[in-house]
Amino acid sequence: MTKRALITGITGQDGSYLAELLLAKGYEVHGIIRRASTFNTSRIDHLYVDPHDPNAKLFLHYGDLSDGGRLVTLLSRIDPDEVYNLAAQSHVRVSFDEPEYTADVTGSGTIRLLEAVHLAGVKARFYQASSSELYGATPPPQSEKTPFYPRSPYAAAKLYSYWITKNYREAYDMFAVNGILFNHESPRRGETFVTRKITRAVARIKAGVQKDLYLGNLEAIRDWGYAAEYVEGMWRMLQADTPEDYVLATGVGYTIKDFLEASFGHVGLDWQEYVKFDERYLRPTEVDALIGDSSKAQSELGWTPTVDGVALAKIMVDADIEALECEGRPWIDKVKLPSWSTEEVAG
Ligand code: NAP
Ligand code: F7E
């Protein structure tokens, strides 16, 4: 029997890797996307097959975590075996600027989706994208047993989602789990998160199209892993015999300065010559240090991370250099200019 999965946030970094993984495992994958005035599916375009094609396995549906009625309709129609709730306003700094919106999507959005599963009466297993941001001010190492101390509207909204997921598990006997994931990155990471901001800048500075890089706090410590490995962990959580919460982390922490050194150093540049300070990127309350203990996931799920922050820096710099080198060409193809004009512009 083909398994059916529903992914919210399929257009995001993790959603795109998870869709790839599930399609490779033979799932029929349904994704909820937001209506936008421009295309917002670039991370999953390579997976898309016209739904009229009998071999199509990926189906996209308009929807939004702020629209509970639509979620009930989609859950009833799709009747998935597994639901992955990855959608969120996921930027911590932005959550201080848009706290109410963040609470609505990143917090209340989760109960809308859980309630849609419940109301639709589907027997789906449910994955909630919880976050190491829940630990906030509690010092490392952080595991499933570490007390939470959120330090941003984003983290507080994720805390609500964490507890309501646990509550639906206990109240309705749902197979609902929290994956408490530490920072995970990739060449598909959003351009305003610090790792991608740095690796993209390295590529541009090396190519001579950018001069400086403005950043905020360089002292924070993060446990950066590779997103493609983390979505495998999400899937494993839903295949377990019992619904439990798990931390996914590498166990290795680096400062932003370490990441700068690895990224600029990879192309033979000294980061101190290019990085400038802008207080705009500071947070009113910072999370100083996150380093996870994922021994429970390693022993119970057989999940093992193999890429740490420094290795990631190199992977991401190489990918950004490659992306920069072919910039222009993919855009020209997308607007479907006649071939004479494509050649003229490219030349
Ligand atoms: P991301 O790249 O920012 O993707 C977020 C996704 O949510 C996008 O597909 C976005 O759609 C969608 N979305 C935003 N608001 C929505 C709404 N109102 N209704 C429906 N969809 C909406 O995030 P990510 O890095 O893949 O992370 C995936 C999840 O894990 C998020 O919940 C994040 O908070 C959480 N998390 C991430 C990390 C990490 O280090 N990456 C660590 C722990 C937890 P658009 O493409 O249209 O914007
Ligand atoms: O910041 C510092 C910043 O925005 C990391 C999200 O995926 O992971 C992510 O949240 C650190 C912070 O990620 C800049 O102050 C310095 O200490 O890349 P970030 P985050 O806040 O850790 C968690 C686990 C999630 O759940 C979230 O969804 O870097 N930093 N200068 C900067 N950060 C940014 N963005 N931009 C700067 O210029």
Side-chain angles (χ1 to χ4, degrees), residues 7-19 31-36 38-44 61-67 70-71 84-95 101-102 104-106 108-110 112-113 127-136 151-152 154-155 157-158 161-162 178-186 188-198 201 213-227 230-231 234 247-249 254-257 259-260 275-290 292:
I7 305 174
T8 73
I10 194 168
T11 56
Q13 171 189 253
D14 291 5
S16 68
Y17 282 114
L18 181 65
I32 295 182
I33 62 167
R34 299 196 281 180
R35 194 269 155 184
T38 52
F39 289 126
N40 56 0
T41 53
S42 61
R43 290 190 180 101
I44 51 170
H61 311 266
Y62 284 118
D64 198 297
L65 282 193
S66 61
D67 183 350
R70 176 64 173 155
L71 296 177
Y84 295 85
N85 184 28
L86 309 186
Q89 190 304 89
S90 71
H91 202 285
V92 174
R93 179 68 195 80
V94 171
S95 78
Y101 174 75
T102 303
D104 188 31
V105 173
T106 307
S108 303
T110 306
R112 289 191 192 100
L113 190 63
Y127 174 88
Q128 168 57 22
S130 282
S131 164
S132 53
E133 283 291 303
L134 298 178
Y135 300 116
R151 295 267 284 172
S152 64
Y154 168 80
K158 282 284 184 189
S161 289
Y162 170 91
N178 286 287
I180 309 170
L181 272 53
F182 283 61
N183 298 54
H184 44 281
E185 321 291 311
S186 74
R188 297 185 199 169
R189 185 56 143 153
E191 290 87 345
T192 60
F193 295 97
V194 79
T195 54
R196 184 74 199 290
K197 188 170 166 183
I198 292 170
L213 169 61
Y214 285 90
L215 295 174
N217 174 22
L218 306 185
E219 306 298 336
I221 297 171
R222 288 293 182 274
D223 175 337
W224 286 295
Y226 181 33
Y230 283 50
V231 300
M234 295 175 187
V247 160
L248 298 185
Y254 291 105
T255 61
I256 314 301
K257 279 183 182 163
F259 195 89
L260 282 166
V275 173
K276 304 218 158 90
F277 173 70
D278 186 337
E279 64 176 9
R280 200 157 34 128
Y281 300 117
L282 296 178
R283 286 119 198 241
T285 40
E286 174 64 287
V287 171
D288 294 326
L290 294 172

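Order of listing sets the numbers, starting from 1, for every ligand and every atom in it. Remember, predicted model here, so these are calculated numbers, not experimental data. What you see below is based on every heavy atom in this structure, not just the backbone, and it leaves out hydrogens, waters and symmetry mates.
Looking at ligand 2, you'll find an N or O of Arg283 within less than 3.5 Å of one of its N or O atoms. At a 3.5 angstrom cut-off on N or O pairs, Gly216 counts as close to ligand 2. The distance criterion of under 3.5 Å between nitrogen or oxygen atoms is met by Lys197 with respect to ligand 2.
What sits closest to atom 35 (N) of ligand 2 on the protein, heavy atoms only, is Thr192 O, 2.9 Å. Looking only at protein heavy atoms, the nearest one to atom 12 (C) of ligand 2 is Arg222 NH2, 3.6 Å. Ser90 OG, 2.7 Å is the protein heavy atom nearest to atom 3 (O) of ligand 1. Nearest protein heavy-atom neighbour of atom 37 (C) of ligand 1: His184 CE1, 3.9 Å. Scanning the protein for heavy atoms near atom 21 (N) of ligand 1, the closest one is Ala87 CB, 3.4 Å. In this structure, the protein non-hydrogen atom closest to atom 14 (C) of ligand 1 is Ala88 O, 3.2 Å. The single protein non-hydrogen atom nearest to atom 7 (O) of ligand 2 is Arg189 NH2, 2.9 Å, given as residue, atom name and distance. In terms of protein heavy-atom proximity, atom 11 (C) of ligand 2 is closest to Ile256 CD1, 3.7 Å. What sits closest to atom 30 (O) of ligand 1 on the protein, heavy atoms only, is Ala129 CB, 3.4 Å. Closest to atom 2 (O) of ligand 1 among all protein heavy atoms lies Gln13 N, 3.1 Å. Shortest contact from atom 43 (C) of ligand 1 to any protein heavy atom: Leu181 O, 3.1 Å. Nearest protein neighbour of atom 27 (C) of ligand 2, counting heavy atoms only, is Ser90 O, 3.3 Å. The protein heavy atom nearest to atom 34 (O) of ligand 1 is Tyr154 OH, 2.6 Å.
Between Met234 and Leu86, the closest side-chain pair of non-hydrogen atoms falls below 4.5 Å. Counting heavy atoms from C-beta outward, Val194 and Leu215 have side chains that approach closer than 4.5 Å. With a 4.5 Å cut-off on side-chain heavy atoms, Tyr84 and Thr8 do not count as touching. Between Ile44 and Thr11, some side-chain heavy-atom pair lies under the 4.5 Å cut-off. Inter-residue side-chain proximity for Ile32 and Leu71 is flagged as met; some heavy-atom pair is nearer than 4.5 Å.
Under 4.0 Å from ligand 1, the heavy atoms of Arg189 that appear belong solely to its side chain. The residue Glu133 has no part lying near ligand 1, judged by heavy-atom distances below 4.0 Å. Contacts between Lys158 and ligand 2 below 4.0 angstrom, taking non-hydrogen atoms only, are absent altogether. Residue contacts with ligand 1, taken as heavy atom pairs separated by less than 4.0 Å, do not involve Ala36 at all. Residue contacts with ligand 1, taken as heavy atom pairs separated by less than 4.0 Å, involve Arg34 solely via side-chain atoms from C-beta onward. Only the side chain of Val105 comes within contact range of ligand 1, with a heavy atom under 4.0 Å; no backbone atom does.
Each of the following atoms of ligand 1 lies closer than 4.0 Å to a heavy atom of Ser130: 43 (C), 44 (C). Atoms of ligand 2 found under 4.0 Å from any heavy atom of Glu286 (numbered from 1 in listed order, with element): 3 (C), 12 (C), 15 (O), 17 (O). Distances below 4.0 Å separate heavy atoms of Ala220 from the following atoms of ligand 2: 17 (O). Short contacts between ligand 1 and Asn183, defined as distances under 4.0 Å to a heavy atom of the residue, involve ligand atoms 40 (O). Under a 4.0 Å criterion applied to the non-hydrogen atoms of His91, ligand 2 contributes the atoms 35 (N). Near Ser132, meaning under 4.0 Å from any of its heavy atoms, are these atoms of ligand 2: 24 (C). Against a heavy-atom cut-off of under 4.0 Å, Gly12 is close to the following atoms of ligand 1: 2 (O), 4 (O), 8 (C), 9 (O), 26 (O). Applying the 4.0 Å criterion to heavy atoms of Asp64 picks out, from ligand 1, the atoms 17 (C), 18 (N), 19 (N), 20 (C). The atoms of ligand 2 that sit less than 4.0 Å from any heavy atom of Tyr281 are 37 (C), 38 (O). Less than 4.0 angstrom separates some heavy atom of Ser131 from each of these atoms of ligand 2: 23 (C), 24 (C), 25 (C), 26 (O).
Contact annotation: His184 has no heavy atom less than 4.0 Å from any atom of ligand 2. Residue contact annotation: Tyr101 has a non-hydrogen atom under 4.0 Å from ligand 1. Not a single heavy atom of Arg93 sits closer than 4.0 Å to an atom of ligand 2.
The distance from the CD1 atom of Ile10 to the OH atom of Tyr17 is 14.5 Å, given to the nearest 0.5 Å.
The residues Arg112 and Asp104 are annotated as salt-bridged, a charged nitrogen and a carboxylate oxygen being separated by less than 4.0 angstrom. Taking a cutoff of 4.0 Å between a charged side-chain nitrogen and a carboxylate oxygen, Glu133 and Arg93 do not qualify as a salt bridge.
Nearest approach of Leu290 to Asn183, heavy atoms of both residues: CD1-OD1, 4.2 Å. When all heavy atoms of Gly216 and Phe277 are compared, the closest pair comes out as O-CD1, 3.9 Å. In plain terms, the two heavy atoms of Thr285 and Arg151 that are nearest each other are OG1-O, 2.6 Å. Here the shortest heavy-atom pairing between Leu260 and Leu213 reads CD2-CD2, 4.2 Å.
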Determine, step by step, whether Glu185 and Lys197 satisfy the salt bridge (charged side-chain N to carboxylate O under 4.0 Å, His left out) criterion, reporting the C-alpha distance in whole Å, the side-chain angles of both residues, the deciding distance to 0.1 Å, and the verdict. CA-CA 11 Å; Glu185 321 291 311; Lys197 188 170 166 183; over 6 Å; no
Run the salt bridge (charged side-chain N to carboxylate O under 4.0 Å, His left out) check on Glu219 and Lys257 step by step: do they pass? CA-CA 7 Å; Glu219 306 298 336; Lys257 279 183 182 163; 2.9 Å; yes
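Around atom 20 (C) of ligand 1, the closest heavy atom drawn from Leu113, Leu65, Ile33, Ile7 belongs to Leu65. Within the set Asp67, Leu86, Val94, Ile10, the minimum heavy-atom distance to atom 29 (C) of ligand 1 is found for Leu86. Nearest residue to atom 46 (O) of ligand 1 from Val92, Thr11, Thr110, Thr8 is Thr11 (criterion: closest heavy atom). Ranked by closest heavy atom to atom 13 (O) of ligand 2, the top entry among Val92, Asn183, Leu181, Val194 is Asn183. Of the candidates Leu215, Asn217, Leu134, Asn217 brings a heavy atom nearest to atom 16 (C) of ligand 2.
Under the rule for a salt bridge (Lys or Arg N to Asp or Glu O under 4.0 Å), Arg70 has no partner lying at least two apart in sequence or in another chain.
The closest donor-acceptor contact from the side chain of Arg43 to the backbone of Ser16 lies at 3.5 Å or more, if one exists at all.
Taking the ring axis of Tyr214 as reference, the NZ or CZ atom of Arg280 does not stay both within 45° of it and closer than 6.0 Å to the ring centre.
In this structure, a donor-acceptor pair under 3.5 Å is present between the side chains of Ser161 and Thr110.
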